Amino acid sequence: MEGYNVLYPIGFDAFGLPAENYAIKNHVHPKITTENNINHFREQLQALGFSFDWSREINTTDPEYYKWTQWIFIQLYKKGLAYKATMPINFCTGCKVGLANEEVVNGVCERCGSPVVQKEKSQWMLKITEYAQRLIDDLKDIDFLDKIKAQQTNWIGRSEGAEVNFKLTAAGEELDSNLLIYTTRPDTMFGATYMVVAPEHNLIEKYADKITNLDEVKAYKEKAALKSDFERAELNKEKTGVEIKGIKAINPFTEEEIPVWISDYVLITYGTGAIMAVPAHDDRDFEFATKMGLEIKQVIKSKDGANDELPFTDVDNGISINSGFLTGLDSKDAIEKAISYVEENKLGTRKVNYKLRDWVFSRQRYWGEPIPMVYCEDCGWNPIPESELPLVLPDIENYEPGENGESPLAKQTEWIKTKCPCCGKDAKRETDTMPQWAGSSWYFLRYMDAHNDKEFASKEALDYWSPIDWYNGGMEHTTLHLLYSRFWHKFLYDIGAVPTKEPYQKRTSHGMILGTNGEKMSKSKGNVINPDDIVNEFGADTFRVYEMFMGPFDQTAPWSMESIRGCGKFLDRVWNMQEILVDGDEYSKEHEKMMHKAIKKVTSDIEEMKFNTSVAEFMKMTNEFYKDKVINKAEYKTFLQLLNPFAPHMTEELFSILGEEKTINETPWPVYDETKTIDDEIEIPVQLNGKVKAVVLVAKDASEEEVKAVVAANESVQKAIDGKTVVKEIYVKGRIYNIVVK
RNA sequence: GCAGAUGUGGCGGAACUGGCAGACGCACAGGACUUAAAAUCCUGCGGGACCUAAAUCCCGUGCCGGUUCGAUUCCGGCCAUCUGCACCA
């Protein structure tokens, strides 16, 4: 209505675990249930009157769509950003199948209750870590809500520090390799009294012959492997560990010999999988050292000397002590100096680390895009020729998870058999599929050119529409999906396939609608509100107006069956205004000001997504028209145009009853005249020491003297200041008049 | 524990840049219409001080303090709730 060409698309991201598990449970092929669900969703969305461009509808499970998902994977592979690595998967010891994280509940299989353990498996990985810094840096150029930016930044988790080598010895002899650790606090090096390696660390295999208590160490390692991620990550868990006897490390700053331990509080997936422990200045190390009776050496004290209870971890308020050349330095300076020392003496290097890990891109599942890779005994892994895309997911009968954590596709012997794209010899297809995030990592690009069978989207279409001006979605997607799609987009930008660095210019989020009991809607709680029922009972317009009215757009709000009736009543009143309708080509004198003010308010409210106050404005106007028992045609038309985005069906019907030829959405959005929104007379509250005692009416451009005179003449004011001394009088033009008295 | 958000009547929520706290709606109460009910329309509706009413006054935006002529709004410190992440060295 404001003259922009707006692309408002819709589509269905339909691969993934929920669809697959539903299919398994009900013995219906996921293809069928997916199709049924999409049809149902489409009907529901249409019943609500959304103005989606249905000609661009997409479905990520359509081979014509996932052809391009596979194509992007091949490009990633060609640029070295997709690689195979051995990663642990959740493995159910009962069902003998691999499980997704959400299928593991309290360390046991959701279905059979058997313990879940970690099993090593070769998987496809995507190198999102290569983009970590750019994913942080480029946030500054885009308009995301601050809380969304903060979540992205925290998730990527950049930290600065150093990697430092600790020499190892066995029976006093120096070993041929060092133990590399990562630390963000090199200033605490003098306080490192022991070291810890993760259970998976290769130190144990490498120096097995030097370890005098190898059986004990190996037993600990095996026990740790049996624990699920959940158990290992559980907070307040007692720390456990075993000293690796026979091997010692040398603290490079103190030259002292310190013990080396193995414990699962150190993670193989972060940093180098080994740490130097500084129990005096790290909570976890402190807990471990206290339990194991290890030395705790304080090397930082607080500036004010007040709080020296250990562990003392405040970087901003610390000074090094007992730390050789660092002693006396501020913690921040000490960190810098320690890193310089490390680099000068070739002990290690400055290093930035990220919490973000590479993306595990394989799923041992049926309902996903087949990974278009082939393994040949001679040539290794190679992508299938792009001319063979899409690699269609075979239509199979038995899509239950495979044995020993294999994909269900591993049973499809005919499908697996193929020729090597390099040498032509017999070769095997990859049987893992892509995760549910794959299709949604680029879908926005497909909307720009949804039916292109030559490319994922033409350059012209991409240039015309890119980037997405405004992306609204739930907060639950602000880390994974949002980050993955930014990563893919940046990759596509790097290979020249898209014109912008970032996919989305602006990202907002909506609040969740809770059940009537104030809890998240869920089937098990029985508090689900079905939109079909609401539309049947109250109509789509009432439904929409209520959703907008119930609270601020970005905040959660509980559903109320009582409150929605109020919105229905409001729309009835709008309809019945026909009974007080009179002719008129212009706004009437008595309503003119209200009309201009309302256009201004609703226009800015929509821009700021303050839909709830827009609806309040409509209700206020309606009350006003009924109070005056009259509305003219010009006023009614503008009112219907303003209300149209909220209640499209009824307003269009009324518009045509008024004899209009065009539909409302073909008419331009109403405009207002700023000068006509200003009142001639304004009310000025008069305060006495900040408390309102009276309200006076003055002309809109009244001078301070004039206002002062009116205030002085006011009876209530006179009464209030009677017997008191006026100290000061403050007038804020057009706002307030405050008298300070003693 | 870390990060982010939120706290205002019986309820959902308004309140611009620090300027009349409670817009608008729900619920509730009283009245009109009706044989009656529903629907609709009108009126009232933060708490307290007076038996009632008007008028008036006092208190009041999670708690304690500060800045200011003036604070729901700004600052400091707490408390509670929600969401996400969680042994990240």
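Each chain gets a letter, A, B and so on, in the order the sequences are listed, and its residues count up from 1. What you are looking at is a predicted structure, and each value in this text was computed from that prediction instead of being measured.
- A distance of about 27 Å separates the C1' atoms of C11(B) and C16(B), rounded to the whole Å.
- One interatomic measurement links the two molecules: CD of E617(A) to C1' of C24(B), which rounds to 10 Å at whole-angstrom precision.
- Between F549(A) and F646(A), the distance separating the two ring centers is not shorter than 6.0 angstrom.
- Applying the 90° criterion around 0 to the glycosidic angle, G9(B) comes out syn.
- In this structure, L482(A) and Y471(A) have side chains that are in contact, with non-hydrogen atoms separated by less than 4.5 Å.
- Among the atoms of the strands shown, only primed sugar atoms or phosphate atoms (P, OP1, OP2) are found under 4.0 Å from some heavy atom of V692(A).
- Contact annotation for G566(A): backbone-only contact, meaning every heavy-atom pair under 4.0 Å involves sugar-phosphate atoms and none involves a base.
- Atom CZ in F144(A) sits roughly 23 Å away from atom P in A3(B) (whole-Å rounding).
- Surrounding NZ of K149(A) are more than 12 heavy atoms belonging to other residues, nucleotides or ligands, all under 6.0 Å away.
- Across every strand in view, U61(B) sits unpaired, with no contact that passes the Watson-Crick or G-U test at under 3.5 angstrom.
- Evaluated for a side chain to side chain donor-acceptor pair (under 3.5 Å) with R350(A), the options E163(A), E336(A), E160(A) yield exactly one hit, E336(A).
- Counting non-hydrogen atoms under 4.0 angstrom, K355(A) reaches a base of the nucleic acid.
- Remark: P of C87(B) and CD1 of I275(A) are 14 Å apart, rounded to the nearest angstrom.
- L267(A) places its CG atom 11 Å from the P atom of A86(B), with the value rounded to the nearest Å.
- Taking atom CG of N576(A) as the reference point, atom C1' of C41(B) lies 12 Å away to the nearest angstrom.
- Among the heavy atoms of the strands lying under 4.0 Å from Q687(A) is at least one base atom, whether or not backbone atoms are also near.
- The P atoms of C20(B) and G77(B) are separated by 29 Å, rounded to the nearest whole Å.
- For G12(B), the paired base is C24(B) (Watson-Crick or G-U wobble, both distances below 3.5 Å).
- The side-chain tip of K239(A) points at the ring of Y265(A) from less than 6.0 angstrom away and within 45° of straight on.
- The residue K610(A) sits close only to the backbone: its heavy atoms come under 4.0 Å of sugar-phosphate atoms, none of a base.
- Base pairing of U6(B) is made with A80(B), judged by Watson-Crick or G-U wobble geometry with both donor-acceptor distances under 3.5 Å.
- For the pair Y182(A) and A89(B), the criterion of a side-chain N or O lying under 4.0 Å from OP1 or OP2 is not met.
- Rounding to whole angstrom units, NZ of residue K239(A) and C1' of A86(B) are separated by 12 Å.
- Note on K569(A): a side-chain N or O is less than 4.0 Å away from OP1 or OP2 of C26(B).
- A gap of 15 Å separates the P atoms of A27(B) and C42(B), to the nearest Å.
- Look at R573(A) and you won't find any side-chain N or O under 4.0 angstrom from OP1 or OP2 of U40(B).
- Taking only side-chain nitrogens and oxygens, N738(A) never comes nearer than 4.0 Å to OP1 or OP2 of U68(B).
- Taking atom CG of residue D605(A) and atom P of nucleotide A23(B), one finds them 17 Å apart after rounding to whole Å.
- Comparing U8(B) with A3(B), their C1' atoms are spaced 26 Å from each other, to the whole Å.
- Protein atom CG of N612(A) is 12 Å distant from nucleotide atom C1' of A15(B), rounded to whole Å.
- T603(A) and Y672(A) are not linked by any side-chain donor-acceptor pair at a separation below 3.5 angstrom, with hydrogens and angles left out of the test.
- Base contact: E683(A) has a heavy atom under 4.0 Å from a base atom.
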